[in-house]
**Student:** 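This is the structure I want to talk about, given as C-alpha cells.
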Amino acid sequence: MSERDEHEELYGLAGLGRSLERTLAEICPVASQLPPAELTLPPKPEFGDVSTPVALAVARLASRNPREIATELGERWCAGPGAAVCARFEVAGPGFLNLFLSDEWYRGATRQMLALGGDHGRDVLALAQRQKINVEFVSVNPTGPLHVGHARYASMGDALCRLFSFAGHDVTREFYLNDFGSQMLKFGQSLAARYAQRLGIEMPVPADGYLGDYVLEVADRLIDEVGDRYLMAVTAAAPDATRLPDEVVDEIKMWGRDAILARFRVTLERLRVPFDVWTSEASLYAGGTAYRGFAGEVGKALRELDTEGELFDSDGAVWLRTTDYGDDKDRVLIRQTGAPTYFLSDIAYHRDKMDRGFEHLINIWGADHHGYVPRMKAMFSALPPHDPERLELIIGQLVNLLESGAARRMSKRSGDIVTVDDLSDAIGVDAVRFFMVGRSHDSTLDLDLDLAVEQSSKNPVYYVQYAHARICSVLRNLADGQGDPGDPGDPLSAPGAVSFGDVEVGPFERNLARALARFPLVVLDAVERRGPQRLHGYLGELAAEFHVFYRNCRVLTDDPEVAAFRAGLCVATRTTLAKGLELLGVSAPESM
RNA sequence: GCGCCCGUAGCUCAGCCGGAUAGAGCGUCGGACUUCUAAUCCGAGGGUCGCAGGUUCGAAUCCUGCCGGGCGCGCCA
C-alpha cells in the first residue's frame, strides 16, 4: 500500500480500525488471531471521537494488562500512522483506547465521502466474501391475494437483496410458485364452483374451499374468456364440485393460477420488489425422462437420491431417511396413493437451484413453517455436495394486526384478510417498506391499523424523508444564491476537489460527519447479520444528526470555507440518506 | 409433552458473535420560529433488561433451570 493510499484509508472508519490493528499486531503478535474488532462510537464526548476495546480483547491472549497495551498502542499509533488525523488519545476504564480525531480527519473524511458519492459504503465485502446468492422469498400458493405477512417478508427479503448487492454479492431474487398439490386442487374446485354459479348452476364452494370475493372476480373473468366452454362438465358434476373431471379442474385451476399470478406481479411491482426468477412447482414435474414414475426435475432428484442410497420403501410409500441427518422422523416423498409430497417438490426445486450455480441459498419463511427446517437441512446433507451450510433459512415471525387496540384475526380461506394492496392503499408504499423492516425478523410485528391509516408524523419514515427534503431545499437555495457551477470551491459542482482549507470543525459538524462515516460499517453489519432493521435504525439516527446540525449551523454563511464545508456535509448526507432509503425500497423526496 | 422465537421505560421496540453511566420513537409535562422547510429542535420525567442460579476482571448479551406469550410438531402446503 502506498503512503498516499494509507493516508486516504484513515479517512474511513473501517480503514482507521485496520490501521490500529496493524499497529496492535506489532505490539502483540497474537492480536492477529482475533477477528477484526470494530471501532465504537463512545457514549459521551469525553470518551473521544472514536474508541476501541481491542486492547481488552487481546489482553487475555497476551497475558498482559489491558491498560498497558492500550497505552502502548495509543502512543505508537498516534506518533506513527495516525499522526496526521489523531490529535490525542486517552486510555480509560479497564482499557479502552479513546481517540480524539483532528479537524483534518473530519475535513478529509468529508472530502472522501463527497468524492465517493453514491459509492460511499458500496462493495464493503472483501472479494473473498462475495458470493453468488439466491434469495427465495414470499413463495406461496397462487390461491389468493398476498396478505400483510407477505408484505413483511417481501420488504425484508428485497431490502436484504439490495443490501447484498450493494455490498458486493451477486444476488438473484426468486419467487417459488406453489401451483401444485391439494391446495391448488381446492382452489380449482372453488373457482369452478363460482364459475358454475355464474352460469346459474347450483354448485357450492366445496368444504375447505376458498370463499374470498376475489374468486368471484376471477370467475367473472373466466367467463369473459371462455364463455360456457365448461357448461356441460359443471352441469354433469353439479352440485358437487369435487366430482368434476380432473382435466376440467386442471384447466380451470391453471387459468386461475395465471390470474392470481398476474395480481402478484402487480402487487409486488407496486411494492418495488423486482423478482428476477419465478419458478413454478408444477413445472418441476414436466420434461425429460421419467424415473420412479416422475419426469422433469422431480425424476432427476429421485434418481440422485437413489444413487446416494437415501431412499427406502415402507408402508407402500417412498421415504427419505432424514433421521440420518438430525431430523426427528423420516419423511415421505411419494405417498401410498402415488402422489408426491410437497417435500419431494422442494427437494427437486432446491437441487435445481444448486444446479444453477448458486454458492449460497437463502429462504425466507414465515414462522409457521419453522418445523420444516430440519428436513430441509437433512435434504442438503443427503444431496451432493452434502453441505447443509449452503442453505440458510431465515424464519420471519408473524405480523399481528391491531384494530381499535384488539387483534384482528384473519382467515385465508374465508377471504377475510388484509392484503398487501389494502395496506399500501392505507399508508403508502414508503411507509409499508420502512415499517416492515423496522424490527428484527425474529420478533413478531404488531401493526396498528388505526395508526397506519392515520398517516401522521408519528410515522418514522417521514422523519427521514423530511431530512432529505430539507437538505435538497438548502442546496437549492445555495445554488440560487451562489450560482456558479464552475467554481471549484463549490461542493456541488466539484465535490471531490474541495479542500475546505483549514476550516474549524465544530461539534455539530463533527457529529454529523461521524454519523456519515459510519454508513459503510452499518451496511456491512446489516449484510452480515441479515438485519435490515439496522439500516432502518441508522437512517433515523443520521436524520436526527442532520436535524440537529441544521438547527445549529447555518449553511448559507459569509465565510466561503465554512459554507463549502457545511454544504459538503449536506451533500454527503443527502447522498447517504438517499442511498439508505433506496436500499430499503423507500423513496427520497426532494420536497415535502 | 417436544422444538423454534420472543420477554428491556406507561406503549411499540432497538441493542444481544461479553465491554464504559442500557437507547429510540410514541405518549406525558415544560420550552424554541423576523434568519437556509417547525413533518424540526431543546429540556424534564420515566428501568429489579421476566425470575433464579452459573461462567467472567466485566453479563441485557454466554450457559442451566423456571415463569409468561407467539408459532409449529400431517403420507397438508
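Chain naming here is simple, since letters A, B, ... match the order of the sequence lines and numbering starts at 1 in each. What you see below is based on every heavy atom in this structure, not just the backbone, and it leaves out hydrogens, waters and symmetry mates.
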**Student:** Kindly confirm whether the side-chain ring of A:Phe96 is stacked on the base of B:rG19, judged by centres under 5.5 Å and planes under 30°.
**Tutor:** no
**Student:** Report the distance from atom OH of A:Tyr462 to atom C1' of B:rA39, rounded to the nearest whole Å.
**Tutor:** 9 Å
**Student:** Just list the side-chain donor-acceptor pairs under 3.5 Å for residues 428-442 of chain A, sequence neighbours left out, or say none.
**Tutor:**
| unit_1 | atom_1 | unit_2 | atom_2 | d |
| --- | --- | --- | --- | --- |
| A:Asp430 | OD1 | A:Arg272 | NH1 | 2.6 |
| A:Asp430 | OD1 | A:Arg272 | NH2 | 3.3 |
| A:Asp430 | OD1 | A:Ser587 | N | 2.9 |
| A:Asp430 | OD1 | A:Ser587 | OG | 3.3 |
| A:Asp430 | OD2 | A:Gln465 | NE2 | 3.0 |
| A:Asp430 | OD2 | A:Ser587 | OG | 2.6 |
| A:Arg433 | NE | A:Leu584 | O | 3.3 |
| A:Arg433 | NH1 | A:Asp158 | OD2 | 3.1 |
| A:Arg433 | NH1 | A:Leu271 | O | 2.8 |
| A:Arg433 | NH1 | A:Arg272 | O | 3.1 |
| A:Arg433 | NH2 | A:Asp158 | OD2 | 2.7 |
| A:Arg433 | NH2 | A:Leu584 | O | 3.2 |
| A:Ser440 | OG | A:Asp442 | N | 3.2 |
| A:Ser440 | OG | A:Asp442 | OD1 | 2.4 |
| A:His441 | ND1 | A:Ile395 | O | 3.1 |

**Student:** Which of the following nucleotides, B:rG72, B:rG15, B:rC13, is nearest to the side chain of A:Asp368?
**Tutor:** B:rG72
**Student:** For a side chain to side chain donor-acceptor pair (under 3.5 Å) check, start with the C-alpha distance between A:Tyr153 and A:Ser139, then their side-chain angles and the critical distance, and finish with the verdict.
**Tutor:** CA-CA 10 Å; A:Tyr153 310 134; A:Ser139 302; over 6 Å; no
**Student:** What's A:Ala467 touching, base or sugar-phosphate or nothing? Going by heavy atoms closer than 4.0 Å.
**Tutor:** nothing
**Student:** In whole angstroms, how far is the C1' atom of B:rC36 from the CG atom of A:Asp558?
**Tutor:** 13 Å
**Student:** With the six-membered base ring of B:rA77 as reference, does the ring of A:His369 sit under 5.5 Å away with planes under 30° apart?
**Tutor:** yes
**Student:** Under the side chain to side chain donor-acceptor pair (under 3.5 Å) criterion, do A:Tyr325 and A:Glu310 qualify, and how do the steps go?
**Tutor:** CA-CA 11 Å; A:Tyr325 305 106; A:Glu310 301 284 355; 2.6 Å; yes
**Student:** Can you tell me which nucleotide in B:rC71, B:rC75, B:rG19 comes closest to the side chain of A:Ala367?
**Tutor:** B:rC71
**Student:** Over how many whole Å does the gap from A:Tyr538 atom OH to B:rC13 atom P extend?
**Tutor:** 26 Å
**Student:** With the side chain of A:His547 defined as its heavy atoms from C-beta on, choose the nearest nucleotide among B:rC71, B:rU40, B:rC36.
**Tutor:** B:rU40
**Student:** Are any protein N/O atoms closer than 3.5 Å to N/O atoms in nucleotides 3-6 of chain B? If there are, list each pair with its distance.
**Tutor:**
| unit_1 | atom_1 | unit_2 | atom_2 | d |
| --- | --- | --- | --- | --- |
| B:rG3 | N2 | A:His370 | NE2 | 2.0 |
| B:rC5 | O2' | A:Asp442 | O | 2.3 |

**Student:** Would you mind telling me which of B:rU37, B:rG15, B:rC75 lies closest to the side-chain atoms of A:Gln533?
**Tutor:** B:rG15
**Student:** Assess whether a salt bridge exists between A:Asp346 and A:Arg331, defined as any Lys/Arg side-chain N lying under 4.0 Å from an Asp/Glu carboxylate O.
**Tutor:** no
**Student:** Identify whether any heavy atom of A:Tyr372 sits under 4.0 Å from a base atom; if not, whether one sits that close to sugar-phosphate; answer base, sugar-phosphate or nothing.
**Tutor:** base
**Student:** A:Ser473 near the nucleic acid: base, sugar-phosphate alone, or nothing, with a heavy-atom cut-off under 4.0 Å?
**Tutor:** base
**Student:** Which part of the nucleic acid, if any, lies within contact of A:Leu56, taking any heavy atom under 4.0 Å across all strands shown: a base, the sugar-phosphate backbone alone, or nothing?
**Tutor:** base
**Student:** Hunt down the Watson-Crick or G-U wobble partner of B:rA44, both distances under 3.5 Å, from any strand shown, or write none.
**Tutor:** B:rU28
**Student:** Could you give the CG-to-P distance, from A:Asn511 to B:rC42, as a whole number of Å?
**Tutor:** 11 Å
**Student:** Quick one: label A:Arg529 by what it contacts on the DNA or RNA (base, sugar-phosphate, nothing), any heavy atom closer than 4.0 Å.
**Tutor:** base
**Student:** Once you apply a heavy-atom cut-off of 4.0 Å, does A:Val548 come out as touching a base, just sugar-phosphate, or nothing?
**Tutor:** sugar-phosphate
**Student:** Can any side-chain N or O of A:Arg514 pair as donor or acceptor with the backbone N or O of A:Asp49 at less than 3.5 Å?
**Tutor:** yes
**Student:** Can any side-chain N or O of A:Lys186 pair as donor or acceptor with the backbone N or O of A:Pro206 at less than 3.5 Å?
**Tutor:** no
**Student:** Using atom CD of A:Gln465 as one end and atom P of B:rG25 as the other, report the distance to the nearest whole Å.
**Tutor:** 18 Å
**Student:** Could you tell me how far B:rA32 sits from B:rU48 if I compare only their C1' atoms? Round to whole Å.
**Tutor:** 38 Å
**Student:** Go through the steps to decide whether A:Arg518 and A:Glu541 satisfy the test salt bridge (charged side-chain N to carboxylate O under 4.0 Å, His left out), and finish with yes or no.
**Tutor:** CA-CA 11 Å; A:Arg518 273 175 60 206; A:Glu541 291 165 18; 3.1 Å; yes
**Student:** With 3.5 Å as the limit, what N/O pairs link the protein to nucleotides 26-32 of chain B?
**Tutor:**
| unit_1 | atom_1 | unit_2 | atom_2 | d |
| --- | --- | --- | --- | --- |
| B:rA32 | N3 | A:Arg551 | NH2 | 3.0 |

**Student:** Which listed nucleotide (B:rC17, B:rG15, B:rU40) is nearest to the side chain of A:Arg470?
**Tutor:** B:rU40
**Student:** Using a cut-off of 4.0 Å on non-hydrogen atoms, how would the nucleic acid contact of A:Asn98 be classed: base, sugar-phosphate, or nothing?
**Tutor:** base
**Student:** Quick check, does A:Phe47 stack with B:rA20? I mean ring centres under 5.5 Å and planes off by under 30°.
**Tutor:** yes
**Student:** According to the Watson-Crick and G-U wobble definitions, with both distances under 3.5 Å, which nucleotide is paired to B:rG65?
**Tutor:** B:rC51
**Student:** Mind checking who B:rG23 pairs with, Watson-Crick or G-U wobble, both distances under 3.5 Å?
**Tutor:** B:rC13
**Student:** What is the separation between atom CG on A:Asp446 and atom P on B:rC11, rounded to the nearest whole Å?
**Tutor:** 13 Å
**Student:** What's A:Cys553 touching, base or sugar-phosphate or nothing? Going by heavy atoms closer than 4.0 Å.
**Tutor:** base
**Student:** Report the relative orientation of the aromatic rings in A:Trp319 and A:Phe312; use parallel for angles under 30°, tilted for 30 to 60°, perpendicular for over 60°.
**Tutor:** parallel
**Student:** From the options B:rA77, B:rA39, B:rU40, select the nucleotide whose nearest atom is closest to the side chain of A:Tyr463.
**Tutor:** B:rU40
**Student:** Using a heavy-atom cut-off of under 4.0 Å over every strand shown, decide if A:Ser345 touches base, sugar-phosphate, or nothing.
**Tutor:** nothing
**Student:** Could you tell me whether A:Glu590 contacts a base, only the sugar-phosphate backbone, or nothing, with contacts defined as non-hydrogen atoms closer than 4.0 Å?
**Tutor:** base
**Student:** Taking pairing as Watson-Crick or G-U wobble with both contacts under 3.5 Å, can you name the mate of B:rC4, or confirm there isn't one?
**Tutor:** B:rG70
**Student:** Looking for any heavy atom pair under 4.0 Å, which part of the strands does A:Asn459 touch: base, sugar-phosphate only, or nothing?
**Tutor:** nothing
